[in-house]
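Working notes, structure below.
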Amino acid sequence: MTQQTMKTEEELREHLRVVVDPEIGMNVIELGLVRRVELDDKHCHLVMIMTTPFCPYAPQLLEQTRRTAQEYAAVPTTIEMGMEMWDPTMMEEGAADDWGLF
């Protein structure tokens with residue numbers, strides 16, 4: 001990719017804000033679910049966690065996140081389910097205010 005068309009992790013994360021957890025009504029970036037991004041001119045790989053280990057929407061959220069990332073990156077994209085346990089401190093600053101958590 002040329003310097004002008006080089007995709008960035010920051011832009012990718014902004015692009016992923018359209019992926020919303022249907023139970024919570026917040027996007028995967030606000031919730032802090034995308035834990036790692038590896039992006040280069042040939043491949044994109046994401047590590048993502050769920051808010052609960054038995055999230056009924058996990059397959060749908062993982063695939064929607066993978067597809068959305070691939071649309072932005074324009075390279076083959078893989079996604080991995082991370083084993084890290086989610087907690088509200090992983091949310092973006094201010095995102096938990098509506099919940100009254102902090």
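All figures in this text were calculated on a predicted structure; none of them were measured in a lab.
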Run the side-chain contact (heavy atoms from CB on, under 4.5 Å) check on N27 and D21 step by step: do they pass?
-> CA-CA 6 Å; N27 70 59; D21 182 313; over 6 Å; no
[atom2] on [Y] to [atom1] on [X], rounded to 0.5 Å:
X   : Y   : atom1 : atom2 : value
Q64 : L16 : CD    : CG    : 9.5 Å
T51 : D87 : OG1   : CG    : 11.5 Å
H15 : T8  : NE2   : OG1   : 12.0 Å
E10 : L39 : CD    : CG    : 12.5 Å

Applying the 4.5 Å side-chain criterion to the ILVMFWY set and letting contacts propagate, would [X] and [Y] be lumped into a single cluster?
X   : Y   : answer
L62 : M85 : no
W86 : M26 : yes
M90 : V19 : yes
L33 : V20 : no
V28 : V37 : yes

Worked check of side-chain contact (heavy atoms from CB on, under 4.5 Å) between M81 and I49 | CA-CA 6 Å; M81 176 90 166; I49 62 172; over 6 Å; no
Tell me the closest heavy-atom pair linking [X] and [Y], and the distance in Å.
X   : Y   : answer
H43 : P76 : CD2-O, 3.2 Å
L46 : A69 : CD1-CB, 3.7 Å
L61 : P22 : CD2-CD, 4.4 Å

With no hydrogens and no angle check, do the side chains of Y57 and E23 hold a donor and an acceptor under 3.5 Å apart?
-> no
Verify, without hydrogens or angle tests, whether K42 (side chain) and V75 (backbone) share a donor-acceptor contact under 3.5 angstrom.
-> no
Any donor-acceptor pair under 3.5 Å from E38 side chain to H45 backbone = no
Is the shortest side-chain N to carboxylate O distance from [X] to [Y] below 4.0 Å?
X   : Y   : value
R13 : E9  : yes
R17 : E30 : no
E63 : R67 : yes

side-chain contact (heavy atoms from CB on, under 4.5 Å) assessment of R36 paired with M48 | CA-CA 7 Å; R36 192 171 76 230; M48 185 172 163; over 6 Å; no
